[in-house]
Amino acid sequence: QVQLVESGGGLVQAGGSLRLSCAASGRTLSNTAMAWFRQAPGKEREFVAAISWYAARTLYADSLKGRFTISRDGANNTMYLQMNSLKPEDTAVYFCAWKGGVVATRIQSMYASWGQGTQVTVSS
């Protein structure tokens, strides 16, 4: 198992940017993958983006491609989500997640470890 701690959420105006971080600990991250999901009030949790740790192959939700960028810092075992041109509909709790195996996937049930979430609120 991996322990995950998110940070970087907050309140931002529409059109602004935020960068979320997810610090991972507990095991080596090579040959694994991580992802961001989000859950808006009254809605189901949805996939945002995923990355394979070693090769840094990325996968995005189609609706977010071009505004959000996922990346990782192997030296610091930290994953990031750069969010630009934020919209009020991006308001949600953002979770990071970890899975064994190198394939980045949008399937939530494949992820074995989850962070506690960080709140992102975008005002209009």
Side-chain angles (χ1 to χ4, degrees):
Q1 292 291 335
V2 172
Q3 290 74 50
L4 304 171
V5 179
E6 302 99 333
S7 61
L11 174 64
V12 63
Q13 289 188 332
S17 297
L18 279 176
R19 189 177 79 156
L20 305 183
S21 300
C22 175
S25 62
R27 60 157 288 170
T28 180
L29 297 181
S30 59
N31 300 322
T32 70
M34 292 180 65
W36 290 99
F37 291 81
R38 69 184 185 182
Q39 187 166 21
K43 296 188 177 181
E44 294 186 352
R45 190 161 55 188
E46 65 175 356
F47 172 75
V48 173
I51 187 166
S52 61
W53 198 260
Y54 180 75
R57 296 182 187 274
T58 58
L59 181 67
Y60 291 94
D62 289 343
S63 62
L64 300 176
K65 200 178 299 184
R67 292 196 298 124
F68 288 14
T69 302
I70 190 171
S71 63
R72 92 287 187 258
D73 179 346
N76 291 306
N77 281 359
T78 301
M79 178 177 67
Y80 301 100
L81 184 68
Q82 178 67 42
M83 305 185 293
N84 297 329
S85 302
L86 283 163
K87 305 174 182 180
E89 51 264 43
D90 295 317
T91 295
V93 177
Y94 284 71
F95 298 90
C96 66
W98 172 89
K99 64 177 288 292
V102 301
V103 177
T105 176
R106 65 185 72 229
I107 302 172
Q108 293 189 42
S109 60
M110 297 294 290
Y111 290 87
S113 295
W114 292 80
Q116 81 288 352
T118 186
Q119 176 71 47
V120 171
T121 302
V122 184
S123 63
S124 56

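Atom set for the values below is all heavy atoms of this structure, side chains included, hydrogens, waters and symmetry mates excluded.
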Separation of [Y] [atom2] from [X] [atom1] (nearest 0.5 Å):
X: W53; Y: N31; atom1: CH2; atom2: CG; value: 13.0 Å
X: S17; Y: F68; atom1: OG; atom2: CZ; value: 9.5 Å
X: D62; Y: R106; atom1: CG; atom2: CZ; value: 6.0 Å
X: L81; Y: M34; atom1: CG; atom2: CE; value: 11.5 Å
X: R27; Y: N77; atom1: CZ; atom2: CG; value: 10.5 Å
X: S123; Y: L86; atom1: OG; atom2: CG; value: 10.0 Å

Minimal non-hydrogen separation, A33 against V103, with atom names: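 In terms of heavy atoms, the two residues are closest at CB-O, 3.7 Å.
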Shortest non-hydrogen contact from Y94 toward L20: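 Heavy-atom minimum between the residues: CB-CD1, 3.5 Å.
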Flag, side chain of [X] to backbone of [Y], donor-acceptor distance under 3.5 Å:
X: R72; Y: Y54; answer: yes
X: Y111; Y: T105; answer: yes
X: R57; Y: S52; answer: no
X: S113; Y: W98; answer: no
X: Y60; Y: I70; answer: yes
X: T91; Y: V122; answer: yes
X: E6; Y: C96; answer: yes

Validation row: M83, W36 side chains within 4.5 angstrom (heavy atoms):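 When only atoms from C-beta onward are counted, W36 and M83 do not touch, as no gap falls below 4.5 Å.
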Aromatic plane relationship, F47 with F37 - under 30° parallel, 30 to 60° tilted, over 60° perpendicular: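 Perpendicular: the ring planes of F37 and F47 meet at over 60°.
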Test side-chain contact (heavy atoms from CB on, under 4.5 Å) applied to F95 and Q108, step by step: CA-CA 11 Å; F95 298 90; Q108 293 189 42; over 6 Å; no
Atom CD of Q13: over 12 foreign heavy atoms under 6.0 Å: no
side-chain contact (heavy atoms from CB on, under 4.5 Å) between Y80 and I51, worked out: CA-CA 10 Å; Y80 301 100; I51 187 166; over 6 Å; no
ILVMFWY cluster, M79 and L64 together (side-chain gap under 4.5 Å):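 Same cluster.
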Step-by-step side-chain contact (heavy atoms from CB on, under 4.5 Å) determination, R38 to D90: CA-CA 9 Å; R38 69 184 185 182; D90 295 317; 2.9 Å; yes
